[in-house]
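The structure under discussion appears below in the form of structure tokens.
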Amino acid sequence: VLDATGTATWVWDIDRDAAHFDERYERQLGYTPGELTTTGAQFFDLLHPDDHAPVRAALDAHFTRREPYGLDVRLRAKDGTYRVVRTAGRAEFDAQGRPLRMAGTHTDVTDARAAEAERSAARERYAAALDASLDAFFLLRAARGEGGGIDGFVFVDANRRAVQLTGVPLERLVGADLCALFPVNARRGYLDVYRRVVEEGTTFEGDMSVDEGDLPSARVMRVQAVKVGDGLALTARDVTDERRAQDELRAGRERLQLAVNGSSDALWDWDLVADSAYYAPRFREALGVREADLPDGAPAGEFFDRVHPDDAARVQDALWDHLEHGAPYDVEFRLRTGAGEWRWFRSRATATRDERGNPRRMSGFLSDVHERRESEERLQRYTEDLYDAKLQLERQTVELALKSAEAERAREEAQKVSAAKSAFLANMSHEIRTPLNAILGFAELFESDEADPAQRREWAHTIRRNGEHLLRLLSDVLDFSKLE
């Protein structure tokens, strides 16, 4: 038994201060058998300084008043650490009542003390966690009748939040019957649910509507019950405001959907904190996808995966500018439809922010602008073609103007040449007619018989001179013709 429990025995001869102990005593402290001296003083040498006074007080009480001797002390082991030892003993006395010897045991409780300390710390952490919890916590035991069936449940413990929620002090809560204190459990059938949890080992989780009277005010509680021993642990969270907010949000969405149904726009809503997106039915209709392809509650990344690669950066930039700087979010981009085609859409949205200005959710509309974009692209192409034709016409006009200017210059030059010719011919006619008239006149005189030979020679000389002049004029005309 001693080996199994690790308990060592010792005997102390008080008068001679001689001690005897077994091998287990030394092994507890990491020594080999025979390594420690066999004196009572050895015990006090190994004893922790802070434990000397308690040990001597316990021995004095045992020796003088015969009080039981037993306490936990720390003894220094061979490696310098301290082990916690539970020492207990009993003294033998002579006829005068003086202690002669004392025998006892040492049990190493270091690990047990550490485990108990850990359990104590765990209990404290558990209690602190329960008190800090925002959920109400109740521990209940089953109240069974004579036949063994569960007649009800009795409160065993509760945390601070449970007291706040119920408005019932803890001293009144503990020991009270569940249904007597809160009749709603029997009235709404929750007592049967709790019975199944304990008898079948199942778990229950659901929302419970609690009427005014059971609690200080009517509330909606989210309850979870699990089996613990022959009873259950019950947690309750007040979700009244959450349910009210959900109902208001649902009603708002329904009203908005009614308005949206009258237009071609598709509603979408994105919870930025939870990264959960909601899409109105018209949204999926516009994309030609099923709900399974784009489910509500899915991360928004499933939508952004459908954005055309050439438009993705522009969409992300617009989103960033809106969330970080409050710039309007109004962007057009292409989305892949269920048929695998690319279609143009316009998305407009506004972010809802908390009191610190951080965006919490984003809601907006998606509009199909594919036909308009195609019309704009056709108009753009037509405008570009028209512009090209205008440039071509302008080039042709310039070329024609240049040709017209050249023709005008040529005409003017021709007119100048013609005028010069006319002037030349007129001048030349005069120049030719003058010597020719002289020649003809003197030739006519030369034919008369009245002139003497001297006159005839003078007239012949005049005819010759004017003939040579006429020849020179004809030569100049021929040279001008060649030059032209």
Side-chain angles (χ1 to χ4, degrees), residues 132-135 205 207 220 222 224 237-338 342-370:
S133 175
L134 297 177
D135 294 340
E205 183 174 354
D207 289 352
V220 178
R222 183 154 298 156
Q224 185 179 44
R237 175 178 296 181
D238 188 345
V239 295
T240 306
D241 295 339
E242 179 184 337
R243 283 284 295 272
R244 184 180 296 116
Q246 290 177 348
D247 292 343
E248 291 175 356
L249 178 61
R250 187 180 302 107
R253 281 178 173 172
E254 290 174 354
R255 289 192 297 269
L256 185 58
Q257 188 60 49
L258 289 174
V260 170
N261 286 340
S263 70
S264 60
D265 292 340
L267 173 69
W268 58 268
D269 181 71
W270 180 17
D271 186 333
L272 298 171
V273 178
D275 190 19
S276 174
Y278 162 80
Y279 307 101
R282 190 180 294 277
F283 192 100
R284 299 185 186 89
E285 291 177 7
L287 285 177
V289 298
R290 302 168 301 172
E291 185 172 357
D293 299 325
L294 200 62
D296 288 337
E302 295 193 12
F303 166 78
F304 288 112
D305 287 343
R306 292 183 171 274
V307 177
H308 194 285
D310 294 344
D311 301 335
R314 183 161 47 81
V315 173
Q316 292 293 339
D317 289 344
L319 183 63
W320 173 264
D321 287 342
H322 179 66
L323 296 179
E324 291 298 319
H325 308 297
Y329 179 77
D330 190 343
V331 61
E332 294 185 2
F333 51 89
R334 288 161 290 182
L335 288 173
R336 188 180 66 253
T337 66
W342 295 106
R343 195 167 182 86
W344 280 98
F345 290 89
R346 178 187 181 188
S347 183
R348 294 157 293 164
T350 302
T352 303
R353 302 174 186 272
D354 60 19
E355 62 277 3
R356 293 188 297 273
N358 298 319
R360 309 293 293 178
R361 69 186 319 113
M362 194 170 177
S363 303
F365 294 93
L366 188 75
S367 307
D368 189 329
V369 296
H370 191 75

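Being a predicted model, the structure only gives us computed values, none of them experimental.
- Two residues are said to be in side-chain contact when any heavy atoms from C-beta on lie closer than 4.5 Å; Asp265 and Asp368 fail this criterion.
- Of the possible donor and acceptor atoms, one in the side chain of Arg314 sits under 3.5 Å from a partner among the backbone N and O of Glu332.
- There is a side-chain donor-acceptor pair under 3.5 Å between Trp270 and Asp275.
- The side chain to side chain donor-acceptor pair (under 3.5 Å) search around Asp330 returns Arg346, not counting sequence neighbours.
- Between Tyr329 and His322, the ring planes lie tilted relative to each other; the angle falls in the 30° to 60° range.
- Scanning for side chain to side chain contact (heavy atoms under 4.5 Å, CB included) contacts around Thr337 gives Ala339, Glu341, Arg343, with sequence neighbours left out.
- For the side chain to side chain contact (heavy atoms under 4.5 Å, CB included) test, residues two or more places apart in sequence or in another chain that qualify with Pro295 are Ala298, Glu302.
- For Ala286, the side chain to side chain contact (heavy atoms under 4.5 Å, CB included) test picks out Phe345, with sequence neighbours left out.
- For Glu205, the side chain to side chain contact (heavy atoms under 4.5 Å, CB included) test picks out Gln224, with sequence neighbours left out.
- Within the 4.5 Å cutoff, the side chain of Tyr279 has heavy atoms near those of the Phe303 side chain.
- Although no hydrogens or angles enter the test, the distance criterion places no donor-acceptor pair under 3.5 Å between the side chain of Asn358 and the main chain of Arg353.
- Taking Arg334 as the reference, Asp311 meet the side chain to side chain donor-acceptor pair (under 3.5 Å) condition, with sequence neighbours excluded.
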